[in-house]
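See below for the structure under consideration.
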Amino acid sequence: MSNADCTAADSAVTGTPVIPRPATPYQGDIARYWNNEARPVNLRLGDVDGLYHHHYGVGEIDRAALGDVGDGDYEARVVAELHRLESAQTDVLLGHLGTVGRDDTLVDAGCGRGGSMVMAHRRFGCKVEGVTLSAKQADFANVRARDLGIGSHVRARVCNMLDTPFDTGQARASWNNESSMYVDLHDLMAEHSRILTVGGRYVTITGCWNPRYGQPSKWVSQINAHFECNIHSRREYLRAMIDNRLVPQAVVDLTPDTLPYWKLRATTSLVTGIEEAFIKSYEDGSFQYVLIAADRI
């Protein structure tokens, strides 16, 4: 898939776009997966305030906000709390992007339904470009941006994050938020290195298997199967960054911070069947939730 094949999925404004063909059969599978995905755990949480994420949460549970389990609206308060934690996760990521000006461009690789892009624009006032293999997600994100009156600053495109339409050095900062497990890391870091200006910042938040455990655990294998992905090790991330002129500046273990989210989610009607694998793997140390920030040199 070439840069020229990438397209903005803004059919609600300009008519139905031409969607590029997937570069590989696997990409086609992933596009179909996310085009068909409509889990309540993603949509109901986004309905709280109109920010639709596709990632998990960090932080302590506000037990006072939850109130009594026996209350009639307890489930709605749990949904609101889970959503607060996932937006807090985006805040953590954005807080590691460094200095960003209103005239800068940011790139969200694997932007999903666009919640992080909206938050980035609100925080920095700059242009935010997103890419995703899912035409359905990109269209959703663009409609939301238009409805919020920020369509001129926030845009999602359907294209391969390994071959984006952005100019060399165009982005001040870029990120993957739980989306890097779908691609080869060396190819991914090479593309981020290309689009980032020298001195720009790349940030990823991701689950990764712990090399100290020895090999991916059975829990990690279950997560791979559930999401049709290939989870990488922390060591692979660091090596791919260094090999592509991205020098790690911070490695933050968010595992203790994400466990409260998973344990709360496991008590709700929003369970998807994968909660035990996350909780068990985080607790036995075979899986970690990490943030890595790296500067382009």
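What's counted below: heavy atoms across the whole structure, side chains too, no hydrogens, waters or symmetry copies.
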Could you check whether any side-chain N or O of [X] sits under 3.5 Å from a backbone N or O of [Y], counting only pairs where one atom can act as donor and the other as acceptor?
X	Y	result
Arg113	Ala141	no
Thr267	Leu264	yes
Asp62	Ala65	yes
Asp104	Arg172	no
Gln27	Pro25	no
Arg144	Gly50	yes
Asp184	Asp187	yes
Asp139	Ala135	no
Ser193	Asn244	yes

Is a salt bridge present between [X] and [Y], judged by a nitrogen-to-oxygen distance below 4.0 Å?
X	Y	answer
Lys127	Glu129	yes
Arg77	Asp73	yes
Arg44	Asp47	no
Arg265	Glu86	no
Glu236	Arg239	no

Within-4.5 Å side-chain heavy-atom neighbours: [X] and [Y]:
X	Y	result
Leu85	Val58	no
Ser286	Ser281	yes
Phe166	Ser174	no
Asp103	Cys126	no
Ile274	Ile223	yes
Thr272	His226	yes
Ile231	Pro216	no
Asn35	Ser134	yes

Handout entry: Ring centers of Phe278, Tyr56 separated by less than 6.0 Å
Key = yes
Problem - Aromatic centroids of His54 and Trp34 separated by under 6.0 Å - result: yes
Verify the distance criterion only: is there a donor paired with an acceptor across the side chains of [X] and [Y] at less than 3.5 Å?
X	Y	value
Asp49	His83	yes
His192	Asn176	yes
Asp257	Gln89	no
Ser269	Glu75	yes

To the nearest 0.5 Å, what is the distance between [atom1] ([X]) and [atom2] ([Y])?
X	Y	atom1	atom2	answer
Thr168	Glu191	OG1	CD	8.0 Å
Thr206	Met181	OG1	CE	3.5 Å
His53	Thr90	NE2	OG1	4.5 Å
Ile61	Leu259	CD1	CG	10.5 Å
Leu238	Met189	CG	CE	9.0 Å
Met161	Ser179	CE	OG	4.0 Å

Exercise for the section: Please step through side chain to side chain contact (heavy atoms under 4.5 Å, CB included) for the pair Leu246 and Leu196, ending with a clear verdict. Expected result: CA-CA 10 Å; Leu246 295 169; Leu196 282 169; 3.9 Å; yes
Problem - Neighbour count above 12 (heavy atom, 6.0 Å) for Lys280 NZ - result: no
Determine, using the 4.5 Å side-chain heavy-atom cutoff (strictly less than), whether [X] and [Y] are members of one ILVMFWY cluster.
X	Y	result
Trp219	Tyr289	no
Trp175	Val252	yes
Val271	Leu45	no
Ile242	Leu188	no
Tyr213	Val220	no

Which heavy atom of [X] sits nearest to which heavy atom of [Y], and what is that distance?
X	Y	answer
Arg123	Gly95	NH2-CA, 3.4 Å
Leu106	Ala120	CD1-CB, 4.1 Å
Leu51	Val118	CD2-CG1, 3.6 Å
Leu270	Leu82	CD1-CD1, 4.4 Å
Leu185	Ser180	CD2-O, 4.0 Å
Val158	Ala138	CG2-CB, 3.8 Å

Exercise for the section: Give the C-alpha distance, both sets of side-chain angles, the deciding distance and a yes or no for side chain to side chain contact (heavy atoms under 4.5 Å, CB included) between Val290 and Cys208. Expected result: CA-CA 7 Å; Val290 300; Cys208 57; 3.7 Å; yes
Completion exercise
In Tyr182, Tyr237, Trp209, Phe287, the residue satisfying ring pair (Phe, Tyr, Trp, His ring centres under 6.0 Å) with His232 is Tyr237
Practice task
Please report the C-alpha distance between Val107 and Thr164 in whole Å, then the side-chain angles of each, then the deciding distance to 0.1 Å, and finally whether the side chain to side chain contact (heavy atoms under 4.5 Å, CB included) criterion is met.
Solution key: CA-CA 10 Å; Val107 174; Thr164 65; 5.6 Å; no
Practice task
Mind running salt bridge (Lys or Arg N to Asp or Glu O under 4.0 Å) on Glu283 and Lys263 for me, showing each step along the way?
Solution key: CA-CA 11 Å; Glu283 289 181 336; Lys263 290 182 176 180; 3.2 Å; yes
Practice task
Go through Thr132 and Gln137 one step at a time and tell me if the side chain to side chain donor-acceptor pair (under 3.5 Å) criterion holds.
Solution key: CA-CA 7 Å; Thr132 173; Gln137 286 185 342; 3.1 Å; yes
Exercise for the section: Walk me through it: do Tyr261 and Glu81 pass the test side chain to side chain donor-acceptor pair (under 3.5 Å)? Expected result: CA-CA 9 Å; Tyr261 165 91; Glu81 181 64 4; over 6 Å; no
Exercise for the section: Go through the steps to decide whether His153 and Val128 satisfy the test side chain to side chain contact (heavy atoms under 4.5 Å, CB included), and finish with yes or no. Expected result: CA-CA 6 Å; His153 288 82; Val128 188; over 6 Å; no
